[in-house]
Amino acid sequence: MFRRPVVQVLRQFVRHESEVASSLVLERSLNRVQLLGRVGQDPVMRQVEGKNPVTIFSLATNEMWRSGENETYQMGDVSQKTTWHRISVFRPGLRDVAYQYVKKGSRIYVEGKVDYGEYTDKNNVRRQATTIIAVKDMIFQKSCTDVRVGL
């Protein structure tokens, strides 16, 4: 007795929701990066007129693999690839701690998001840049203790 009206109401609701969603695009998405690697240069703090300062440093991550016929017995050559990431820290507390304590060679964990942008270099050539914006968490070693900074 109740099934038919409920099903009809649900169909109308779903049809209405799909029309609204297609016009507003209210879906959630995720842009998250987790990196663990070594700092390639001491952080620098930059500030452009009228904008908040930013701490910037590079981070190297490595991946290693064995090539050869029999990988299960650990025979073959070991290959390694290093990928460099540009890390930008805008959040005031995180930015200042990163600038003060992160040093070249430090092992660090960064949680953030990927940002793609463009800039014009000094030769007036447009270039593309990929940056990791540290937004949530950074863990690094200061002396013999781990320091966790973030939310």
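- Residue Glu111 holds its CD atom at 11.0 Å from CG of Leu94, rounded to the nearest 0.5 Å.
- Asn123 CG: more than 12 foreign heavy atoms inside a 6.0 Å radius.
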**OP:** Just do the side-chain contact (heavy atoms from CB on, under 4.5 Å) check on Val97 and Phe140 with the steps written out, would you?
**Re:** CA-CA 11 Å; Val97 169; Phe140 58 93; 3.8 Å; yes

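- For the pair Arg38 and Gly105, the tightest heavy-atom approach, listed with the atom from each and the gap, is NH1-O, 2.9 Å.
- Taking every heavy atom of both residues into account, Gly37 and Thr61 meet most closely at CA-CG2, 4.4 Å.
- If you chain together hydrophobic residues whose side chains sit under 4.5 Å apart, Met45 and Leu59 never meet in one group.
- Considering only heavy atoms from C-beta on, Lys81 comes within 4.5 Å of Thr83 through its side chain.
- Considering all non-hydrogen atoms of both residues, Met64 and Val78 come closest at CE-CG1, 3.7 Å.
- Here the closest heavy-atom approach between residue Gly40 and residue Trp84 is recorded as CA-CZ3, 3.5 Å.
- Counting only heavy atoms from C-beta outward, the side chains of Val114 and Thr130 approach each other to under 4.5 Å.
- For His85 and Ser58, the side-chain atoms include no donor-acceptor pair closer than 3.5 Å.
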**OP:** In sequence, state the C-alpha distance, the side-chain angles, and the governing distance for Phe57 and Val89, and then conclude on side-chain contact (heavy atoms from CB on, under 4.5 Å).
**Re:** CA-CA 9 Å; Phe57 60 92; Val89 189; 4.1 Å; yes

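- If you check the side chains of Tyr116 and Gln128, you find no donor sitting under 3.5 Å from an acceptor.
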**OP:** Check step by step if side-chain hydrogen bond (donor to acceptor under 3.5 Å, both in side chains) holds for Thr82 and Asn62.
**Re:** CA-CA 4 Å; Thr82 301; Asn62 298 312; 2.6 Å; yes

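- In terms of hydrophobic clustering, with Ile, Leu, Val, Met, Phe, Trp and Tyr side chains grouped at heavy-atom distances under 4.5 Å, Tyr99 and Ile133 are assigned to different clusters.
- Contact check for Ile108 versus Val110: side-chain heavy atoms found under the 4.5 Å cut-off.
- The closest side-chain heavy-atom distance from Arg86 to Ile132 is not below 4.5 Å.
- Shortest non-hydrogen contact noted between Asn31 and Lys113 is O-CB, 3.3 Å.
- To the nearest 0.5 Å, atoms NZ (Lys103) and CD (Gln41) are separated by 12.5 Å.
- Test Thr131, Ile56, Leu35 against Ile87 for side-chain contact (heavy atoms from CB on, under 4.5 Å) and you get one pass: Leu35.
- By the 4.0 Å N-to-carboxylate-O rule, Arg127 lies close enough to Asp121 to be salt-bridged with it.
- Taking all atoms of both residues into account, the shortest heavy-atom contact from Ser88 to Val54 is CB-CG2, 3.9 Å.
- Taken from CE in Met138 to CZ in Arg95, the straight-line distance is 11.5 Å, to the nearest 0.5 Å.
- The line from CH2 of Trp65 to CG of Asp77 is 11.5 Å long, rounded to the nearest 0.5 Å.
- Around atom OH of Tyr109, more than 12 heavy atoms belonging to other residues, nucleotides or ligands sit under 6.0 Å away.
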